[in-house]
Amino acid sequence: MIKNGLSTAQVTVATDWLADCAGCHMSLLDMDEKLVQLLELVKITSSPITDLKQPPASGVVVGILSGAVNNTTNLEVARQMRERCQVLVALGDCAVLGGIVTLRNFFDLEEALKRAYVDTESTVDGFIPRSEELSRPLPVRPVDQVVRVDAYLPGCPPSPEAIYRLIGELLIGRRPVAQGENLKYD
Ligand code: SF4
């Protein structure tokens, strides 16, 4: 956890999302005026809503990842966030447990790709696109099955209040504990 005595003026936060929807990040934005207050205390160095998509190589204190690891690009992002962030937070059920994304694990991948690209009208003329430049699908896993995670916030999506509380606890050097009344499932 963040050490006591760390000046909040120094705290940098990076966020990113892996496979699945933008619900967790929308919940972060739904902090509204609390987000504005937070921005007085922290510097968000990268996020899906900024131009800078990747966190800087060093100096990030809190990294927040939502979504599950679903392909080789997700795996790379999760590893990069782990390397570059002192504290890594798994935000939302997909990051914590795999969530709805893990439903894909119940289906044969080749059969699913065939149904999506060959059996269904698509823009790629009836073949399964395969290229070194494309992400390769992987069995879906929660974030802590591929990198070490320091804090978890379940929920789908977690409420803005719960996200605010979690970041606040980290900023004052406390280990955040999810509170039942703040767990939210839409
Ligand atoms: S936990 Fe829910 S809201 Fe968050 S990314 Fe997964 S499905 Fe979307």
Side-chain angles (χ1 to χ4, degrees), residues 13-36 38-39 42 44-55 60 62-85 87-107 109 112-113 115-116 134-171 175-186:
V13 175
T15 72
D16 212 329
W17 89 59
L18 307 172
D20 210 35
C21 75
C24 286
H25 269 86
M26 292 310 294
S27 202
L28 199 147
L29 293 180
D30 281 346
M31 280 196 275
D32 295 332
E33 69 271 14
K34 282 187 173 161
L35 184 58
V36 177
L38 203 58
L39 289 175
V42 305
I44 297 183
T45 60
S46 61
S47 83
I49 57 166
T50 65
D51 286 338
L52 186 60
K53 300 289 189 243
Q54 298 299 323
V60 181
V62 179
I64 300 175
L65 265 184
S66 65
V69 177
N70 173 51
N71 59 39
T72 47
T73 301
N74 293 162
L75 182 60
E76 184 55 33
V77 170
R79 285 178 174 160
Q80 203 172 55
M81 287 285 277
R82 176 67 276 174
E83 278 170 16
R84 297 179 179 187
C85 304
V87 176
L88 187 63
V89 178
L91 177 71
D93 271 24
C94 293
V96 173
L97 302 165
I100 195 165
V101 198
T102 54
L103 289 176
R104 206 203 75 204
N105 290 344
F106 293 99
F107 298 91
L109 181 58
L113 290 171
R115 286 180 65 174
L134 294 175
S135 300
R136 196 162 35 81
L138 297 171
V140 179
R141 287 175 288 177
V143 175
D144 71 355
Q145 285 194 12
V146 298
V147 294
R148 181 172 53 80
V149 166
D150 301 298
Y152 300 83
L153 183 58
C156 182
S159 68
E161 296 74 25
I163 298 172
Y164 182 75
R165 188 171 179 283
L166 173 125
I167 296 175
E169 293 283 277
L170 289 172
L171 290 181
R175 177 181 288 274
V177 177
Q179 296 185 320
E181 66 269 21
N182 274 337
L183 289 183
K184 177 171 159 275
Y185 290 85
D186 281 347

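Both counts, for ligands and for their atoms, begin at 1 and track the order of listing. Note that these values count all heavy atoms, side chains included, but never hydrogens, waters or copies made by symmetry. Keep in mind that what you see is a predicted model, and the values were worked out from it rather than measured.
- Side-chain contact, Arg104 with Asn70: a donor N or O sits under 3.5 Å from an acceptor N or O.
- Using a cutoff of 4.0 Å between basic side-chain nitrogens and carboxylate oxygens, Arg82 and Asp144 are not scored as salt-bridged.
- In this structure, atom 2 (Fe) of ligand 1 lies nearest to the protein heavy atom Cys156 SG, 2.4 Å.
- In this structure, atom 1 (S) of ligand 1 lies nearest to the protein heavy atom Asp93 N, 3.4 Å.
- With atom 3 (S) of ligand 1 as the reference point, the heavy atom nearest to it among Ala95, Gly92, Pro157 is part of Pro157.
- Within the 4.5 Å cutoff, no side-chain heavy atoms of Gln145 are placed close to those of Val69.
- Side-chain atoms of Asn71 do not come within 3.5 Å of backbone N or O of Leu138 as any donor-acceptor pair.
- Taking the side chain as every heavy atom from C-beta outward, Val62 and Val42 never approach each other to under 4.5 Å.
- Near Gly23, meaning under 4.0 Å from one of its heavy atoms, ligand 1 places the atoms 3 (S).
- Heavy-atom distances between Gly155 and ligand 1 reach below 4.0 Å in at least one pair.
- Here the protein heavy atom with the shortest distance to atom 5 (S) of ligand 1 is Cys21 O, 3.5 Å.
- In this structure, the protein non-hydrogen atom closest to atom 6 (Fe) of ligand 1 is Cys94 SG, 2.3 Å.
- At the top of the distance list for atom 7 (S) of ligand 1, counting protein heavy atoms only, stands Asp20 OD2, 2.7 Å.
- The protein atom (non-hydrogen) at minimum distance from atom 4 (Fe) of ligand 1 is Cys24 SG, 2.4 Å.
- A salt bridge is absent between Lys34 and Asp32: the closest approach of a Lys/Arg side-chain nitrogen to an acidic carboxylate oxygen does not fall below 4.0 angstrom.
- Of all the heavy atoms in Asp16 and His25, the pair that sits closest is O-CE1, 3.4 Å.
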